[in-house]
Amino acid sequence: RDLLRPSGVSHIIDVWCEPAEYQYLPSLLLPSGTLGGVAYRYTIGVHPHEASLYTDNIHNEIVKHLAHPQCVSLGEIGLDYHYDNSPREVQREVLRRQLRALTVHTREADVDVWRILREELGEDRERRIHIHCFSDTVELAKNLLDFFPNLYIGITGVTTYPSNVNTPAVLAHLVRRDPDHPRFLLETDSPYMLPNSLQVGAKDVVTDENGKKHTIPRLWFSLSSMIPWTAEFVANKFNETIAEKGGSERKRWTTAEVLRVGEENARFVYGL
């Protein structure tokens, strides 16, 4: 908590998607609406990995939380066909039950997640939707962005990984379709998805207030204070895409501008 305020963090959006952990949530819901001096908000739902645990009691608990003033969304929910920790049919059924204002998990389930969101929300296309930690195809992103005008693509440190070709391609698509205000959100997926440049094993040299240099190991888990490293990658990808188009009509993106637009988008999606 002590890392947040000095880093300029104004709000936390904490994702609660494992039913076994719900019991710990009330201890964080303080009358002040803050945690460590930072505004605390949360989402709640059942992650596709946990879909087999979904019961009427869990459903009722989620509904109760959705009425809480600090609860800003339902999620993270969705489909995960990469791990299949819950049977796919169960995942699909639980996704249909949970759909509301939304933080959606999707991985390697392009056809089904596109079909279910379209079928269940086709009459409510203005819904504000956050597609969390996007790593799927440009085609899926394009379909979702075209169909849902208030849908935003979540970008985490995974976009910086050399093995990930999808998310950088999606970033290029985002800035081509809206050069001035692309529809993205910046997020951590903490403790996972540490930006590649901060991976464990690497070390940094820092200088203290007395001018003495220290070598410190980099962390192995992701923090909100690491989002600027993801934002830097996003800015570079945006600029690379603009240069490929041969366009000089727009100024170059900076890391600070990516952070600013990401914050504006998050405030819009979550009503902060």
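Count residues from 1 along the sequence. This one's a predicted model, so the numbers in the text were calculated from it and none came from an experiment.
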Margin query: Checking the side chain of Glu50 only, and the main-chain atoms of Pro19 only, is there a donor and an acceptor separated by less than 3.5 Å?
Written below: no
Margin query: Between Asn265 (side chain only) and Arg183 (backbone N and O only), is there a donor and an acceptor less than 3.5 Å apart?
Written below: no
How far apart are the closest heavy atoms of [X] and [Y], and which atoms are they?
X	Y	answer
Gln23	Pro26	O-CD, 3.4 Å
Leu185	Gly262	CD2-O, 4.2 Å
Thr159	Pro168	O-CG, 3.6 Å
Cys133	Thr156	SG-OG1, 3.3 Å

Check: Yes or no on salt bridge (charged side-chain N to carboxylate O under 4.0 Å, His left out) for Arg177 and Asp146, after CA distance, side-chain angles and deciding distance?
Finding: CA-CA 10 Å; Arg177 67 183 289 142; Asp146 287 347; 3.0 Å; yes
So does [X] pair up with [Y], basic N to acidic O under 4.0 Å?
X	Y	answer
Lys64	Glu61	no
Asp56	Arg97	yes
Arg267	Glu264	no
Arg96	Glu119	yes
Arg92	Asp112	yes
Lys142	Glu139	no

Regarding [X] and [Y], do their side chains bring together a donor and an acceptor under 3.5 Å, going by distance alone?
X	Y	answer
Tyr54	His59	yes
Asn166	Ser135	no
Tyr270	Thr103	yes

Check: Do the rings of His132 and His105 sit parallel, tilted or perpendicular, given the 30° and 60° boundaries?
Finding: tilted
Notebook entry, point to check: If you count the non-hydrogen atoms of other residues, nucleotides and ligands that lie under 6.0 Å from CZ in Phe268, is the total more than 12?
Noted result: yes
Next item on the list: Decide if atom CD of Glu21 counts as having more than 12 heavy atoms of other residues, nucleotides or ligands within a radius under 6.0 Å.
Entry: yes
Notebook entry, point to check: Are Trp16 and Tyr24 close enough that their ring centers fall under 6.0 Å?
Noted result: no
Next item on the list: Verify the ring-centre separation between Tyr42 and His65: is it less than 6.0 angstrom?
Entry: yes
Notebook entry, point to check: Distance under 6.0 Å and angle within 45° of the ring axis: does Arg88 meet both against Tyr81?
Noted result: yes
